[in-house]
Structures are given as structure tokens and as C-alpha cells.
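Reviewing the structure listed below.
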Amino acid sequence: MDKYQVLKQYFGYDTFREGQEALIDGILAGRDVFGIMPTGSGKSLCFQIPALMMEGITLVISPLISLMKDQVSTLNQAGVHAAYLNSSLTAGQYYKALSLAREGRYPIIYVAPERLETEGFLDFALHAKITMVAVDESHCVSQWGQDFRPSYLKIVDFIKKLPKRPVVSAFTATATKEVREDIIDILMLQDPVVVTTGYDRPNLYLGVQSPKDKYAALKNFVEIHPGQCGIIYCLTRKLVEEVSDRLRADGISVTRYHAGLSDKERRQNQDDFIYDRCQVMVATNAFGMGIDKSNVRYVIHYNMPKSIEAFYQEIGRCSRDQEPGECILFYSGQDVVTNQLFIDNNQDNQELDPLTRQIVQERDRDRLRKMTFYCFTNECLRDYILRYFGEYGSNYCGNCQNCISQFENVDVTDIAGALIGCVSSCRQRYGVNVIIDTVRGANTAKIRQYRMDSNAYYSALAKVPAHRLRMVMNHLMLQDFLTVTNDEYAIVKLTGKSLQVLEEGEPVVMKMAKEQDHPAKIKSEKKTRKNKTAGVSLSDADEGLFEKLRTLRMEIAREENVPPYIVFSDKTLVSMCMVKPRTKAEMLTVSGVGEFKFEKYGERFLACVMEEAGAIGSEGDPADEPYDTGGDDLYFTSDSDEFDDWNLETAMDAWENGSQEKPEPDKKKKGKKTKTEFIMTQELAEQIHYSEKASLSDLIGQINDLRDGESMKRLTIKSVEQWLNDIGNFEIWFLNGTPRKRLTEEGEEFGIQAEKRLSDKGNEYDVFYYSKKAQKRIVEWLLGNGG
């Protein structure tokens, strides 16, 4: 099988996402690769697909047991034999798995880095054909990364011991430029194919709040998201206990996770969340790595995390199926103090030599400071994160709190000049709080002790509110007019830009939220309850079908003891609601449904869809045989006066023959945003991937995915089919009064292929596929005439 067949058969997708194909091609060509791709972008497919195509074994180095279990379970459900080797296995289970691995049972084996140098595993590896070593969460190899694990340094020594060097692939979602270079050096990647697809997760809404009552704000948020799964991150175990207890008392389906619980309770609570037995998880940062639960619709940070890397990784657990999700951070000043204590008392750092420990602590403090700036910036929150990782956007995303809030540009030159002047006049000896207290004219023991009450700028900004002074101070540091040291007592220092304000009078302008009317005059907006389909608009009937499909999914998950999202994701269920498949061929066009999963679950989901649509006959089968349109089997009922909406072409044929009334197009619904008709542009055409063989719905589905869905209508199958009929590629004939379509000589010359199939009743019919040549001719027609 080629890579496209593997993608469809095992994973149910028709096309690759950005970056995947380049990495897969690199591995198949025998080159090392390094992929930096955001959470939820499909990194695992980049090594799983080559592993299924190459001879030998792929070892996946993974840091956490939960990550291994989740990915192995997903692979097994897709029909791939995979195993993991870690401390969660008993001695008997471990040696049994190792024995099966020696027999070549598993093309993919997940292993913890600590296991690499054990005698039993090393003996296996030295006598097995190891084709690839894939290093997942590869940022763990760098001591400058946010999750440095010394055990990852053993990977290179292990690779050197193998009889033949395998392909080495590395993947991560979070790595600054410095960490990326470190990963390549430490893992000794040889001329790697490096793919960076970017850190942007446009489906996630970002917001920062500083509520006076955090719990009240949290409770309100959870209550307006009924039936949705969410994670709430707290800084301490005590807060996890407190928040989870209060939510439970308020009737919320909640569980908890932190390192203070027993292993048994942690496993049980994690499973309760993954298997949808509990909707909300309250946890410390000990929870989440490797959790591939695709239907987490919100992540709330009850406290500010320690770094942008940690924050990005944790919000990365939200809506991994690319559906809309919300990521809200509740900030308070105490969060900075708590995180500073964690940095100063990090036990992992105790293993390092004093000089390295000091450097690591300085970098951790710098990360904390930049995380704090995120909470105060009035610029685009998404752009702030992207710039941190070295990407530069337009500073407007339209899907974060700052981009949808009203701001005005305010001249703060006088305030900035006083703050910078105060830093200069005290000879750069004090921290932020002392500087702000000085310009405010605070009469505290510390100010008197440092004799700042005699500073030239003492009380210079007495009339400016403290919160505004802090906003301007943060802006000055963010824009490099001031900086702070990275030691334990952060001291404010001047920069090369400071004199531009202090001596040259350069104006300082910053965005500030517009002043609002008195709260009593502001009408509070009524918050609507969120639907369970992550922002996808479904009709009431389709919402009902979605719930039935979710119920069926839960039944199957309980039968097989797997998480529901491993059966099918929410996104796949939504796609079923929209496509409403009635045959295997139609079901296989649903994103996320492959051959193996169809064989396991497809008939049950088809029956559910058809029952809801009232399409099941007395014996549970459609009354008539399928009529094919481009690879999709479409059913008719002989006793019906109406044709399915998918089959307008056939309905028109019947009307022209006098057997039906002329079908009327649907009237436009009022209130909907007007979209332009579909237009094939040269830019769109250049993005299309041509497969060796594809159904018409595959090609048109890809085109519709690439178009601008906000402003342009979908390209319909029937419009393309009509043109194909007009140029003589097909002819219509009737069998027992049922319309059929067959390929003509012109159609064969065009590049269309007909494959014979047998229906459930034993009758023969055609399924049509389009060669690369045919696909290109359709696109050329759309460019010239049809679009």
C-alpha cells in the first residue's frame, strides 16, 4: 500500500495535514526528520504511517505511561498491532510483550527512555531489526526546555549500540529556536528534514480574566457549557481539592488529579475523565501529557502557569479535533509569588551542578516574567504566543479577548518618563514594586528604609492609579524600554532604548481598554448555553442524531473498554450528521472512518443514521439497489414520490421523462450571511493534491476544504456530474424502472474507471473512480468555465 492507502485504511482520512507528507516522505527516503507541529496537528501519524510501510520495527520513545497507553490503544482500534514497554506492566506481561516483539508481532513499540539500557530490552534491540527510532516530546532532551528529562540523554547512547543506525525522527509541539537547535545537536540528527508548521491553533479562543471571585467566575463558565468536557488547571494540590469539592457540591460532574493521590486513584480518576464518566477534570500540571482526548472543549487556568511553554502545552489539550474551543486564564498577583517559590525549590534542579542550576533558574524566572506579560498585554494574545516562539503575524487574530475588545491608543509618555527616571535616579538598584511605590508616594517602611522618599521622582505620579502604573511598567518592559535581571531579586534596569524617552522625549503610546460606563448602567449580556458540538451549527434534528450517535459510541466504548473518542471522535460524529451516510461507500467518505473501523463499527452507525432518517425498510435494508455517483452509493425507494436531495440530477431526469414533478430548489433561509457562488481560482487550484485514484466526492471534498468557507458557497457534486454527463462521459439507463449510470468510451478516455460491485441483494452495479488525469481535467474545467 502507498501512504494514501495507509492513511485511509487505518486512520480514515483522505488527505494529509500541513507538514505531514514532507516528514513521511523524508522518513521513507531514509532521512532523519524533525517536526515542530502544534498539539492536535497529527504528529503521531508522521511516524506511524512510515512504520507501517517499512520493514522492521519502529521504536517510539515516549516520556509518560498515559501517552503510550493512549496511542497504543488508538492504534489497536485502527487494526495496527502495537505494544508498549514500561513500568505499568507486570514482569510476566513485560516478558510476554518482549517475546511477541521478537517474533515480529509489532511494527510499532512504545518504550520509556529509562527502559532503553535495561539488559532484557537491550538484548532484544540488538537482535531485532530496528528501522526507526521516533523521539516523541523531543524537547525533553534539552535542559533549556520546559520539561527536561535526564533520561532522554540515554537515547543517543542507545542508538550508537544498535548494529545499524536506524532513521531517527524527532517531534515536539513546544520549542523555541534555542531548544530546536539543542534537540538537533543532542540527538545527532544527520542532515534532517526539518518541518515547522507553526504554533497557531486558530480554533482556540484565548482570554485572560482577573475576577474578584475566581470560583464564582469558574462555576458560571462551567454551567453555561453543559455536557462539554473541560480541564481546570490549579497551581497547588490544595487548590485542586478545594475547587473539585466545591464543583461537586454544586452538582458538576467532576474528578481530580494531582501527585498527592495514590496511583490507583489517579488512574481511576483519569479513566473516569477519558471515558466520559466525568465531564470536568480539576488537576495540577501533573495531568495531561499524552492525553489525546479529542473532545475537551475548554481549558481553564485557575492560576497562571510558570511559562508560555507550559501554558501552550496545557491549552493544547483543548479541541484536538480542530473544532472550536475556549482557553481562559484567571490571573492574580499571588500566582507570580507561588510560581517563584516553585522555581526556587525545584528538586529536579538539585541534580545539576551549581553553575548550571543557576543558569536554569535564571531562564525559568525569565519564562515566568514573559508569562506574566501575557496576562497584561493589550496586544493580540495569539500573536504574543506566536512571537514568543519566533513567529510573527498581523497582531490581530479576531479570536482572542483583546482582538474583540475595544481599545484606544493612549499617550503615556509622562508616566513612562517618570518611571524610567526613577529607575535611573536610584542607580538601578530596586525592583518593580519599589519603583511603583516611589512614584506613587507610598509611605511604607521599605520606602523609608531605602530612602526612596527623598528620590526626585517620589510622589511624581500620586494621582495615577496603581493598576495603570503597573500596566505602563509592563508595557515598558515588553517593549524593551526597561528590563529586569534574572536573579532571585529581579532588579529593574535601563536599556539602550531608555534614553530615547528620558533624554530625547520619544513618545510612548500604548493600547488601553476604553473606559466603560458605571457598572450599574451597563446591561449584562445574557450568556447562551453552548451546544455539545463545539460550535458547529446543526439543526435540531441533527442535534438529536448527534446525541443518538454519542449514545451508541458510549455503548461500544463500554463493550470494548476503550475511551469513546477512540471509537470515533466528535468531529467524525458531526460529519456523520451532515453526510447522513446510507451505504458503506458513503460512510467511508466521512472523515475519520477507515476500512478497519468500518468493519468493526460501521454497520451499527449506519443503522443508527438510517433509523433516525426513517430510511430502514421492514427487514432493516433499503428497498432498492444503489445508484452510483462517483464512488458514493445512493439509495432510492421505489414507493417514494420524492428523490433524496443528493440526487437532483436523477430527479431532473425523471421529471424530463414525465414521471415526477419538477424538483424545486430550497428557498434561502432568512438571516443567513450571503455567500458568493463557488469560484475556482488559480491559487486554490495550485493547492489541490491529485491522488492516483479518487472518488468524485473525495476530490470535491478536498476542494471545498481549501476554499474560503466564510465567503464562498460549496462546490456541489451535482454541478460537476451534470457537466460530466453533458460531455458524454456517462449514459443513463433503467433497470426495473430504477435509473442507473454507466461509463461511456468518452468517459474511459477522460480517465474515469468503473469497478464492479455486488449489492447486499447480489445485484451488480458500478462504482466510479477518477484517475489523476481526470481529476486535473475537472479542475481545468472549473478554472475555465465551471467555477
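Side chains included, hydrogens not; waters and symmetry mates left out as well; all remaining heavy atoms used. Along the sequence shown, the residues carry numbers beginning at 1.
- Note that CD1 of Ile435 is 11.5 Å distant from CG of Leu476, once rounded to the nearest 0.5 Å.
- Phe342 does not carry Lys306 over the face of its six-membered ring by the limits of under 6.0 Å from the centre and within 45° of the normal.
- Taking 4.0 Å as the cut-off between side-chain N and carboxylate O, Lys219 and Glu223 count as a salt-bridged pair.
- Although no hydrogens or angles enter the test, the distance criterion places a donor-acceptor pair under 3.5 Å between the side chain of Arg382 and the main chain of Asn399.
- Interatomic distance, CG of Leu478 versus CZ of Arg387, reported as 6.5 Å (0.5 Å rounding).
- Residues Arg470 and Asn433 bring a donor and an acceptor atom of their side chains to less than 3.5 Å of each other.
- The shortest side-chain heavy-atom distance between Glu326 and His225 falls under the 4.5 Å cut-off.
- In this structure, the side chain of Arg201 engages the main chain of Cys318 through a donor-acceptor pair within 3.5 Å.
- Under the 3.5 Å distance criterion, with hydrogens and angles disregarded, no donor-acceptor pair is assigned to the side chains of Arg237 and Tyr257.
- The main-chain N or O of Cys234 is never found under 3.5 Å from a side-chain atom of Thr284 such that the two would form a donor-acceptor pair.
- The main-chain N or O of Gln279 is found under 3.5 Å from a side-chain atom of Ser253 such that the two form a donor-acceptor pair.
- No donor-acceptor distance shorter than 3.5 angstrom exists from the side chain of His301 to the backbone of Asn303, with no hydrogens or angles considered.
- Rounding to the nearest 0.5 Å gives a distance of 14.5 Å between CE of Met68 and OG of Ser73.
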Exercise. Does the pair Asn203 and Arg320 meet the rule for a side chain to side chain donor-acceptor pair (under 3.5 Å), with working shown?
Worked result: CA-CA 9 Å; Asn203 59 311; Arg320 294 171 71 103; over 6 Å; no
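- Side-chain contact between Tyr152 and Ser142 is absent, with no heavy-atom pair separated by less than 4.5 Å.
- Under a cutoff of 6.0 Å and an axis angle of 45°, Lys293 and Phe273 form a cation-pi pair.
- Residues Val195 and Glu18 form no side-chain contact, since every pair of their non-hydrogen atoms from C-beta on lies 4.5 Å or further apart.
- Without hydrogens or angle criteria, Asp250 side chain to Ile252 main chain gives no donor-acceptor distance under 3.5 Å.
- What you find for Val484 and Ala490 is that their closest heavy atoms are CB-CB, 4.3 Å.
- For the atom pair CZ (Arg267) and OG (Ser262), the distance works out to 8.0 Å, reported to the nearest 0.5 Å.
- Looking only at distances, a side-chain donor or acceptor of Gln20 sits under 3.5 Å from a matching main-chain atom of Arg17.
- Look at Asp272 and Arg266 and you find no salt bridge, because none of the NZ, NE, NH1 or NH2 atoms lies under 4.0 Å from a carboxylate O.
- Counting heavy atoms from C-beta outward, Met304 and Tyr374 have side chains that stay 4.5 Å or more apart.
- The nearest pair of heavy atoms linking Gln270 to Met281 is CA-CE, 4.1 Å.
- Salt-bridge annotation for Arg277 and Asp271: absent, with no side-chain N of the basic residue lying under 4.0 Å from a carboxylate O of the acidic one.
- Across all non-hydrogen atoms, the minimal contact from Pro38 to Thr197 is CD-OG1, 3.2 Å.
- For Thr372 (side chain) and Leu368 (main-chain N/O), a donor-acceptor pair under 3.5 Å exists by modelled atom type.
- Applying the side chain to side chain contact (heavy atoms under 4.5 Å, CB included) test between Met510 and each of Val412, Asn474, Thr377, Ile415 identifies Val412 as the sole match.
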For this session: Apply the test ring-ring contact (aromatic ring centres under 6.0 Å, His included) to residues Phe221 and Tyr298: give CA-CA distance (whole Å), side-chain angles for both, the deciding distance (0.1 Å), then the verdict.
Result: CA-CA 10 Å; Phe221 185 94; Tyr298 58 85; 5.0 Å; yes
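- For the pair Arg180 and Phe34, the cation-pi criterion (under 6.0 Å, within 45° of the ring axis) is not fulfilled.
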Problem set entry | Steps toward side-chain contact (heavy atoms from CB on, under 4.5 Å) verdict (Gln71, Asp136) | CA-CA 12 Å; Gln71 293 209 6; Asp136 205 5; 3.9 Å; yes
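- Side-chain contact check for Tyr215 and Glu242: no donor-acceptor pair (N or O, by modelled atom type) lies under 3.5 Å.
- Under the 4.5 Å side-chain criterion, counting only non-hydrogen atoms from C-beta, Asp344 is in contact with Arg365.
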For this session: Determine, stepwise, if the pair Val282 / Val254 fulfils side-chain contact (heavy atoms from CB on, under 4.5 Å).
Result: CA-CA 7 Å; Val282 183; Val254 64; 3.6 Å; yes
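- Lys214 and Ser332 make their closest contact through NZ-OG, 3.7 Å (heavy atoms, listed as atom of the first residue, atom of the second, distance).
- Under a 4.0 Å N-O distance rule, the pair Glu178/Arg363 qualifies as a salt bridge.
- Note on ring orientation: taking the six-membered ring where Trp is involved, the planes of Tyr331 and Phe376 are perpendicular (angle over 60°, cut-offs 30° and 60°).
- In this structure, Asn402 contributes its side chain and Glu379 its backbone to a donor-acceptor pair below 3.5 Å.
- Salt-bridge annotation for Lys238 and Glu241: absent, with no side-chain N of the basic residue lying under 4.0 Å from a carboxylate O of the acidic one.
- Contact annotation: the side chain of Ile232 approaches that of Leu247 to within less than 4.5 Å [non-hydrogen atoms, C-beta and beyond].
- Atom CG of Asn339 and atom CZ of Arg369 lie 13.5 Å apart (nearest 0.5 Å).
- The shortest distance between side-chain heavy atoms of Asp570 and Arg297 falls below 4.5 Å.
- For the residue pair His139 / Thr172, a side-chain donor-acceptor distance below 3.5 Å is found, with atom types taken as modelled.
- Pairing each heavy atom of Arg149 with each of Pro63, the nearest pair is NE-CB, 3.8 Å.
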Exercise. Would Asp542 and Met578 count as a side-chain contact (heavy atoms from CB on, under 4.5 Å) if you check the C-alpha gap in whole Å, the side-chain angles of each, and the deciding distance to 0.1 Å?
Worked result: CA-CA 8 Å; Asp542 286 349; Met578 299 174 75; 5.5 Å; no
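- The heavy-atom pair separating Cys397 from Cys400 by the smallest distance is SG-N, 3.6 Å.
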Problem set entry | side-chain contact (heavy atoms from CB on, under 4.5 Å) evaluation trace for Ile385 with Tyr199 | CA-CA 8 Å; Ile385 294 174; Tyr199 292 87; 5.5 Å; no
For this session: Kindly indicate, with the supporting measurements, whether the criterion ring-ring contact (aromatic ring centres under 6.0 Å, His included) is fulfilled by Tyr384 and Phe373.
Result: CA-CA 9 Å; Tyr384 182 94; Phe373 289 161; 7.4 Å; no
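- Thr572 and Ser575 are not linked by any side-chain donor-acceptor pair at a separation below 3.5 angstrom, with hydrogens and angles left out of the test.
- A donor-acceptor pair is defined here as one N or O able to donate and one able to accept, closer than 3.5 Å; no such pair exists between the side chain of Ser569 and the backbone of Tyr565.
- Note that the SG atom of Cys380 and the CD atom of Gln401 stand 11.5 Å from one another [nearest 0.5 Å].
- Between Tyr13 and Ser591, the closest side-chain pair of non-hydrogen atoms falls below 4.5 Å.
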